[in-house]
Amino acid sequence: MANQTAIVARSACGDASGGFVGTGSQVTSDREDTVVNLRETAKRVVGAIGEVKGLDRISQPVADLVRRATGPELVKYALSGTWLGHPVHPMLTDVPIGAWVMASTLDWTAGDKAQETARHLVGLGLLTAVPTAAAGASDWSDTVGSDQRVGVVHGLANLTATCLQVMSWTARRRGHHAAGRALSAAGLGITMGSSYLGGYLSYTRGIGVNRTAFEATVTEWVDVAELSDLSADKPIRVSAGGVPVVLVRREGSVDALSATCVHAGGPLDEGELVDGCIRCPWHASTFRLTDGQVVRGPATVDQPSWQVKIDQGRVFVRSSSADPTP
């Protein structure tokens with residue numbers, strides 16, 4: 001029976017060589033091989049970019065400059081998307097990319113009849129590329145290591161593509177429509193390649209993803225500490241059902257938040273207490289202790305808060321989403 005099960009599983013999912021097996025025969029198509037080869041090549045290219053430490057000579061000084069420029073609270077708040085509830089950069093990218101795609105589409109389908117419209121679309125893309133790049137640079141400046149290296153190549157590619165679109169707009173305005181079409185097409189091609197790197201950073205590396213999104217919900221009260229062990233206004237890290245939690249005792253009460261910062265996974269228990277809030281030591285995201293509300297970016301979502309009860313000198317916690325009954 002075990003051997004029959006293994007045969008069925010192998011038939012459904014493929015043989016050891018990676019080929020697909022159907023109705024007892026191997027049916028590996030050239031198209032499937034091409035897709036696999038493209039994916040593996042892309043992975044190798046991105047991995048190689050992340051290992052080029054020479055890029056640090058560019059990325060680190062630029063990241064420092066961006067961090068200084070986005071240091072003011074309102075600037076970081078706006079560019080990170082704290083006001084929106086999720087990062088603003090991915091949403092903004094749709095506008096310039098969409099405008100340039102439509103411009104090139106008109107170039108190759110409508111020809112001379114849509115010259116002015118295509119030029120206006122190129123211009124729209126250029127105008128909206130500015131806030132898009134600013135938001136992306138703000139997010140990128142908080143990365144390190146291989147992510148920062150891939151990000152700087154992503155940014156340089158976008159800069160190159162934008163310069164080509166500027167040249168396209170200028171050529172179109174001067175009546176050189178064929179050159180304008182070619183420049184737009186080249187710029188769009190580079191933008192598509194750069195978008196792949198952006199997708200890799202967001203969805204493979206998790207840049208900008210809520211680091212607590214998959215934390216377990218602890219529905220039962222968990223004994224985590226002795227009340228007397230908590231010093232006033234000194235964060236302490238405990239574990240509740242395998243989830244790290246930071247406790248803060250202040251003014252006769254105890255507040256509890258998830259200890260992993262939602263922004264980039266920083267340890268909140270090593271953070272600083274400021275005006276009833278706790279500030280992450282990594283990128284200065286700041287959360288209200290009473291309910292986890294984010295009051296300063298780059299974090300864009302609230303920090304998970306925990307219910308707390310004191311019983312016979314012991315501190316118990318459970319997820320705030322648990323049943324509110326005792």
Side-chain angles (χ1 to χ4, degrees), residues 31 34-46 49 66 78-81 84-140 143 147 150-209 300:
R31 183 173 59 185
T34 300
V35 169
V36 170
N37 290 335
L38 284 174
R39 184 177 67 241
E40 292 305 310
T41 299
K43 287 169 61 178
R44 286 195 296 271
V45 169
V46 176
I49 292 172
V66 173
L79 293 178
S80 296
L84 184 63
H86 63 73
V88 69
H89 175 66
M91 180 180 70
L92 291 178
T93 61
D94 289 352
V95 184
I97 293 175
W100 292 334
V101 167
M102 291 307 302
S104 287
T105 300
L106 290 176
D107 284 340
W108 303 112
T109 59
D112 293 341
K113 294 184 294 184
Q115 290 174 0
E116 278 301 298
T117 302
R119 181 170 68 86
H120 291 322
L121 285 168
V122 171
L124 174 63
L126 291 172
L127 290 175
T128 54
V130 176
T132 302
S138 176
D139 294 344
W140 166 77
T143 63
D147 293 337
V150 173
V152 77
V153 173
H154 169 69
L156 289 172
N158 281 334
L159 178 61
T160 302
T162 302
C163 288
L164 288 171
Q165 296 291 355
V166 170
M167 294 168 63
S168 171
W169 186 88
T170 303
R172 293 168 188 270
R173 191 168 187 271
R174 293 175 177 175
H176 305 307
H177 300 295
R181 287 194 293 267
L183 288 165
S184 280
L188 184 60
I190 295 174
T191 295
M192 292 298 101
S194 176
S195 297
Y196 178 86
L197 296 180
Y200 166 82
L201 290 171
S202 295
Y203 301 112
T204 301
R205 298 294 299 163
I207 303 301
V209 174
T300 59

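In plain terms, the two heavy atoms of Val209 and Ser202 that are nearest each other are CG2-O, 3.5 Å. Minimum interatomic distance between Trp100 and Leu121 (heavy atoms only, all atoms of both residues): CD1-O, 4.2 Å. The minimum heavy-atom distance between Leu92 and Pro131, with the atom names listed, is CD1-O, 3.7 Å. Taking every heavy atom of both residues into account, Gly198 and His154 meet most closely at N-ND1, 3.6 Å. In this structure, Ile49 and Val153 approach most closely via the heavy-atom pair CG2-CG2, 3.6 Å.
Within the 4.5 Å cutoff, side-chain heavy atoms of Ile97 are placed close to those of Met192. The shortest side-chain heavy-atom distance between Gln165 and Leu183 does not fall under the 4.5 Å cut-off. Leu79 places none of its side-chain heavy atoms less than 4.5 Å from the side chain of Val88. In this structure, Leu201 and Leu197 have side chains that are not in contact, with every pair of non-hydrogen atoms separated by 4.5 Å or more.
Counting only residues at least two apart or in different chains, salt bridge (Lys or Arg N to Asp or Glu O under 4.0 Å) contacts with residues 85-97 are absent.
The backbone N or O of Gly125 lies less than 3.5 Å from a partner atom in the side chain of Thr128, making a donor-acceptor pair. Counting only distance, with no hydrogens or angles, the side chain of Ser194 and the backbone of Ile190 share no donor-acceptor pair below 3.5 Å. Judged purely by atom type and a 3.5 angstrom limit, Ser138 has no side-chain atom pairing as donor or acceptor with the backbone of Ala134. In this structure, His89 contributes its side chain and Gly136 its backbone to a donor-acceptor pair below 3.5 Å. Ser168 places no side-chain N or O within 3.5 Å of a backbone atom of Leu164 that could act as its donor or acceptor partner. Looking at Thr143, its side chain does come within 3.5 Å of a backbone N or O of Trp140 through a donor-acceptor pair.
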Checking Val150 against Arg205 for the side-chain contact (heavy atoms from CB on, under 4.5 Å) test, could you report, in this order, the C-alpha distance in whole Å, the side-chain angles of both residues, the deciding distance, and whether it holds? CA-CA 11 Å; Val150 173; Arg205 298 294 299 163; over 6 Å; no
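There is no side-chain donor-acceptor pair under 3.5 Å between Glu40 and Asn37. Side-chain contact check for Arg172 and Ser184: at least one donor-acceptor pair (N or O, by modelled atom type) lies under 3.5 Å.
Considering only residues two or more places apart in sequence or on other chains, Arg44 meets the side chain to side chain donor-acceptor pair (under 3.5 Å) condition with Thr41.
Once rounded to the nearest 0.5 Å, the distance linking CG of Leu188 with CE of Met102 reads 11.5 Å. Taking NE2 from His176 and CE from Met167, the interatomic distance works out to 12.0 Å, rounded to the nearest 0.5 Å.
Residue Tyr196 places its OH atom among more than 12 non-hydrogen atoms of other residues, nucleotides or ligands, all under 6.0 Å distant.
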